[in-house]
Amino acid sequence: MAKKTVATLQTSSKRLTKAIKMVKSPKTGAYTFVEAVMAPEEVNDWLNSK
């Protein structure tokens, strides 16, 4: 499962987006959240990767 963030961060002239992905641990089965700040064009590729 993945969730797109609603926050768009602007620093100087670059537009950055914070993406949050929910990842299930293979050992315990618990879900954790992985966060990353990247360019808006890279978000879909990052969310689709494992």
Side-chain angles (χ1 to χ4, degrees):
M1 294 178 69
K3 176 172 89 172
K4 284 189 182 179
T5 183
V6 293
T8 301
L9 310 171
Q10 280 192 315
T11 57
S12 63
S13 63
K14 277 190 159 183
R15 281 193 61 221
L16 299 175
T17 302
K18 183 178 182 180
I20 303 170
K21 182 169 34 173
M22 194 165 71
V23 179
K24 186 174 185 178
S25 171
K27 290 183 179 180
T28 62
Y31 285 96
T32 59
F33 293 96
V34 179
E35 299 180 9
V37 177
M38 64 195 76
E41 299 83 28
E42 300 171 4
V43 172
N44 286 332
D45 293 334
W46 184 77
L47 289 174
N48 293 331
S49 68
K50 281 213 163 191

Verdict with reasoning, W46 to V34, per side chain to side chain contact (heavy atoms under 4.5 Å, CB included)
CA-CA 11 Å; W46 184 77; V34 179; 3.9 Å; yes

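- In this structure, R15 and P40 approach most closely via the heavy-atom pair O-CD, 3.4 Å.
- Sequence neighbours left out, the pairs with a member in residues 27-37 that pass salt bridge (charged side-chain N to carboxylate O under 4.0 Å, His left out) are K18-E35.
- For the atom pair CZ of F33 and NZ of K21, the computed distance is 13.0 Å after rounding to the nearest 0.5 Å.
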Mind running side chain to side chain contact (heavy atoms under 4.5 Å, CB included) on T32 and M22 for me, showing each step along the way?
CA-CA 6 Å; T32 59; M22 194 165 71; over 6 Å; no

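- Counting all heavy atoms, side chain and backbone alike, L16 lies closest to V37 at CB-CG1, 3.8 Å.
- Here A39 pairs with E41, E42 under the side-chain contact (heavy atoms from CB on, under 4.5 Å) rule; sequence neighbours left out.
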